[in-house]
Amino acid sequence: MSNYNPGKIEKKWQRKWQETNANKVNLSAKKKYYCLDMFPYPSGEGLHVGHWSGYVMSDVWSRYKKIQGYEVLHPMGFDAFGLPAENAAIEKGVHPKENTKESIANFKRQLEEMGSMYDWSLAVNSSDPSYYKWTQWIFLQLYKKGLAYRKEAPANWGPSCKTVLANEQVVEGKCHRCDSEVTKKNLKQWFFKITDYADELVDDLEKLDWPERVKTMQRNWIGRSEGTLVEFKGQSSKVKVDVFTTRADTLFGCTYLVLAPEHPLVKKLTTTDHKKEVDNYCKKAIKESEIERTSLEKEKTGVFIGSYVVNPVNNQKIPIWVADYVMSTYGTGAVMAVPAHDQRDFEFAKKFKLPIIETVVPKGKSKGKSGLKEAFVGYGELVGSGEFSNLDSKNAIKKITQWLNKKKLGKETINYKLHDWLISRQRYWGTPIPIVHCKKCGEVPVPEKDLPVELPELDDFKPTGDGRSPLAKVENFVKVKCPKCGGKAERETDTMDTFVDSSWYFLRYPDVDNKKEIFEKQKVDHWLPVDQYVGGIEHAILHLMYARFITKALGDMKLLDFHEPFLNLFTQGMVYYKGAKMSKSKRNVVSPDEFVRKYGTDSVRAYELFMGPAEQDKEWADRGIVGMHRFLQKVYALIEKNTDSKVKNSDKKLETLKHKTLKKVAEDFEDFQFNTALSALMEYSNALGKKDKIGRDLLEILVILLAPITPHLSEELWEMLGHREFVFKAPWPKFDPKLIQEEIITLAIQVNGKLRGTVEVNKDVSEKEAIKLAKENQNVKKFLKGKEVKKEIFVKGRLVSFVV
RNA sequence: GCCGAAGUGGCGGAAUUGGUAGACGCGCUGGUCUCAAAAACCAGUGAGGUUCAUCCCUCAUGCCGGUUCAACUCCGGCCUUCGGCACCA
């Protein structure tokens, strides 16, 4: 029975670390490393084992860097402002301020129990005026540069959350927070001009050591697409419809134009005799939800609006239609329809009996006579396209675009799916937008010296749903003097999206107490970009794109010397329980607390890593942790039994294993493969457990290698072995490549590729000798008997293979 | 529909990058200890066959085929699951 008492040991070392300020970061250190966690929004339920999994990984990684002699900045903070925090408070029926305070205390307790090496003196809280003052300051800098602006636009309105949402926060037509269906609402809204950085955001992905999956998601989201902008003009009037296409080569096959129902030209171009029909159609289409409208099964609908334009390449008169299969938010909200070469246009043309003209045919084929059964969407060779006939598609795109450009009827264009970031929210619990609206002066930014614009304390903070935030009701907040003219004015009452708060927090940690400026440039340039960022895949687009944008914008303002915030990103897998993502509504949330109480935090830490590959999703198993606890008990007992060991190891086999383990663990750590590192340590400790007298060096290595994973246990064992310093001051042991190779190795013997025996040989055995020995094996003899050996294969250190 | 990842024992998962498949752990079975149980410890544990037994043989990494002395690993073709995007012009 082991005397391992994790409860006692863990408290003891946590206290010692605190008393000695062991986690205090020396911010002016030269050999430094910045390992960052995605800071959580504090909710009442506390952290579950899924959150822990990421925090454990980053803590293990930070400790690993620390034991290698780096000064590690590994800070933690709280994303305490915003919708999620407020919703949680409303649900509980308490004020967000109270709820946030309690939740933070609880989170902090849990993280301290975890034994994490956070330097709490650097913690940030995004709902604290000392923090959001600078969020507002960033807003003003963006405003100055024209990167923050206000405009009226149809926005995503979440009827349940009673606020507008950014495009990134709408998933399949639903709010990403509460899953309720999103509608459109015309409101005056604040935007950040992230589209200015679209190209940079795509191009700079190349420089980042991020999971390919995340990069792809960002690329798709930004959706850069190179094509041609084509102008279609009316015959007589000043009518002009712009269209974006990636297939200028099919322009001769364009037989009609389609506008989105929301397109501003619909009203203007609809002729009186079509007005009623068009109005009805548009009204219905606009009312339809995104989900209904984008359903692929739906049959195409649309109406002719009575007007015509001219196809610029062949002067054909073509009709304008309005149809809901064209999205107002992509491109120009209008498309040139080429039924022969676009499946959607094809279906539409069939239904409404519009002409289908083939202008591209597969290479080497001529035009089909019987007509098309479906659109040919591939590249090919042009036919019936005037001077461009016989060109291949790619060439034709270039040539036709050039031709249009010359005639001033079109040009090369890059289109993006990305839209500007809608940052205003009609909610209480967020950073107030530092703008004053004056009748005389218009929009006036709050002078920097007047920051922060403090969020007033409000009892009735619930969202009203009238399109304005609850702050609109607070007279002494709203009514102000205009900073410019001193006249009567009103404050902006919307607050900022939570993602604004979290788009820059990592910049604040190195200079968290600065009251004069957002940060000292020198300090931030010293520590950033972040060396290793660890977090969940759910932020692949949202936070990770916003943070990159803000960093780029601040970089362009010369406030930073870098343009990418996070060089390395590791996205840990999610932890499932009972086959599903942990969620309160599914009642399958596993809290680490009870396991920490029962088995100790070191067991939980180690088990979180042992569950499976760090980047993969995994299933939590209550029983699994028992195995980890047994292992730690064995390690404890092993050291306890041998604390007076003075000898150096003399066992050759163990010496080899020692170096093999050193190599394996170091390599696995580098690759975030903590699960196999632990397996290797188990094998190593199992091997030691079989011996009576164990060399001291073997034991010390076990303790050190375990230290990043089980810091409390390692400190205790390190002390038991007679050391006075923390184990993290010990040097990380290095392996000797010469000692990894075993003296005696086992060769496999195969006959026709099948294993028929093994033979023990010296590692340097010659091919001749190995084959001779292999042939002597009884079982192998059986298979070679009476047969001619056609081929003998020898792979050094591996096997001998006979072909008969 | 497009893009990406993954399919290995009862379970979580290993496999030196083409070289002894199933490491490590969970679970299970048997044993030791105990009045008993738990805990702990020891042994066994892919399926099937053969043997008194050690041995040994056959099959086996989603499915079908290929390359190779040798394939979880490489190539071609499918199937399934998960994730992302999606009337994107």
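In the text below, chain A, chain B and the rest are named by the order of the sequence lines, each starting its count at 1.
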By side chain to side chain contact (heavy atoms under 4.5 Å, CB included), which residues pair with [X], not counting sequence neighbours?
X	result
A:R756	A:V751, A:K754, A:N779, A:V780, A:F783
A:A774	A:I749, A:V800, A:F802
A:P211	A:V214, A:L569, A:T571
A:A323	A:V258, A:Y281, A:Y325, A:F348

Between atom [atom1] in [X] and atom [atom2] in [N], what is the gap in whole Å?
X	N	atom1	atom2	answer
A:E667	B:A14	CD	P	16 Å
A:E683	B:G22	CD	C1'	13 Å
A:N3	B:A39	CG	P	19 Å
A:L418	B:A86	CG	P	12 Å
A:W221	B:G83	CH2	P	18 Å
A:D342	B:A89	CG	C1'	6 Å
A:E226	B:A89	CD	P	12 Å
A:Y330	B:C85	OH	C1'	13 Å

Return the nearest nucleotide to the side chain of [X]; candidates are [options].
X	options	result
A:R344	B:A15, B:C88, B:C69	B:C88
A:S679	B:A23, B:C3, B:C87	B:A23
A:K634	B:C41, B:C87, B:A14	B:C41
A:Q616	B:G84, B:G13, B:C87	B:G13

In short, side chain to side chain donor-acceptor pair (under 3.5 Å) pairs touching residues 209-218 of chain A with sequence neighbours left out are A:Q218-A:R548
_Checking A:T228 against A:T401: is there a side-chain donor and acceptor pair closer than 3.5 Å?_
yes
Note to self: Is it the case that the base of B:C85 and the side chain of A:K417 share a donor-acceptor contact (distance under 3.5 Å, atom types as modelled)?
What the structure shows: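 Result: no qualifying N/O pair found.
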| said: On the side chain of A:E212, is there an atom forming a donor-acceptor pair with the base of B:G4 - under 3.5 Å, no angle test? | reply: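 A donor-acceptor contact between them is absent.
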Would you indicate what [X] reaches in the nucleic acid, counting non-hydrogen atoms under 4.0 angstrom: base, sugar-phosphate, or nothing?
X	value
A:R213	sugar-phosphate
A:T758	base
A:N686	sugar-phosphate
A:G223	nothing
A:N752	sugar-phosphate

Where does B:G44 fall, syn or anti, if syn means a chi angle no more than 90° from 0?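 Judged by the O4'-C1' to base torsion, B:G44 sits in anti, the angle falling more than 90° away from 0.
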Distance between the [atom1] atoms of [N] and [M], in whole angstroms?
N	M	atom1	value
B:U17	B:U73	C1'	8 Å
B:G13	B:U29	C1'	22 Å
B:G65	B:U16	C1'	29 Å
B:G19	B:A53	C1'	32 Å
B:U61	B:U8	C1'	4 Å
B:G27	B:C2	C1'	42 Å
B:U51	B:C63	P	31 Å

Grab the N/O contacts between the protein and nucleotides 8-12 of chain B below 3.5 Å, and write none if there aren't any.
from	atom 1	to	atom 2	distance (Å)
B:G12	O2'	A:M611	O	2.5

One should read off an interatomic distance between A:L698 CG and A:K691 NZ, to the nearest 0.5 angstrom, of 10.0 Å
Value for OG1 (A:T301) from CG (A:D324), rounded to nearest 0.5 Å, stands at 4.0 Å
With a 4.5 Å heavy-atom cut-off, do [X] and [Y] have their side chains touching?
X	Y	answer
A:F352	A:W321	yes
A:I356	A:T255	no
A:Y4	A:H629	yes
A:Y416	A:V202	no

In B/S/- notation (B base, S sugar-phosphate only, - none; protein heavy atoms under 4.0 Å), nucleotides 56-62 of chain B written 5' to 3' is SSSS---
Requested in this report: Map A:A334 and A:Q673 onto RNA chain B by nearest heavy atom, then report which one ends up closer to the 5' terminus.
Outcome: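 Final value for this comparison: A:Q673.
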Per nearest nucleotide of RNA chain B, the residue lying toward the 5' end, A:H629 or A:G331, is A:H629
For this session: Show the numbers, then the answer: is there a ring pair (Phe, Tyr, Trp, His ring centres under 6.0 Å) between A:F595 and A:W620?
Result: CA-CA 12 Å; A:F595 294 100; A:W620 176 267; 5.3 Å; yes
#### Entry: Enclosure of A:K772 NZ (heavy-atom neighbours >12, cutoff 6.0 Å)
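No, the 6.0 Å shell around NZ holds no more than 12 heavy atoms from other groups.
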**Q.** Given A:Y546, A:W221, A:F499, the one that forms ring-ring contact (aromatic ring centres under 6.0 Å, His included) with A:W421
**A.**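 That would be A:Y546; it is the only one of A:Y546, A:W221, A:F499 passing the ring-ring contact (aromatic ring centres under 6.0 Å, His included) with A:W421.
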The complete set of salt bridge (Lys or Arg N to Asp or Glu O under 4.0 Å) pairs with one or both residues in residues 653-674 of chain A, sequence neighbours excluded, reads A:E655-A:K658, A:K658-A:D697, A:K660-A:E742, A:K663-A:E667, A:K664-A:D668
Subject >> Nearest heavy-atom neighbours spanning A:V322 and A:C282 >> reply: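 Here A:V322 and A:C282 meet closest at CG2-SG, 4.0 Å.
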| field | Set of salt bridge (charged side-chain N to carboxylate O under 4.0 Å, His left out) partners for A:E792, sequence neighbours left out | value |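 For A:E792 the salt bridge (charged side-chain N to carboxylate O under 4.0 Å, His left out) partners, ignoring immediate neighbours, are A:K775.
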Quiz item: Aromatic rings A:F244 and A:Y330: how do their planes relate, parallel, tilted or perpendicular, breaks at 30° and 60°?
Solution: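 The arrangement is perpendicular - the two ring planes meet at more than 60°.
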Which parts of residues 795-804 of chain A get close to RNA chain B, meaning a heavy atom less than 4.0 angstrom away?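 Heavy-atom cutoff 4.0 Å gives A:V795, A:R798, A:L799, A:S801, A:V803.
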Using a cutoff of under 3.5 Å, can you pull out all pairs of nitrogen or oxygen atoms linking the protein to nucleotides 27-32 of chain B, with atom names and distances?
from	atom 1	to	atom 2	distance (Å)
B:G27	OP1	A:R623	NE	2.6
B:G27	OP1	A:R623	NH2	2.0

For RNA chain B, the dot-bracket notation using Watson-Crick and G-U wobble pairs below 3.5 Å, [ ] for pseudoknot-type crossings and | for other-strand pairs, is (((((((..(((......[....)))((((((.......))))))((((......))))..(((((..]....))))))))))))....
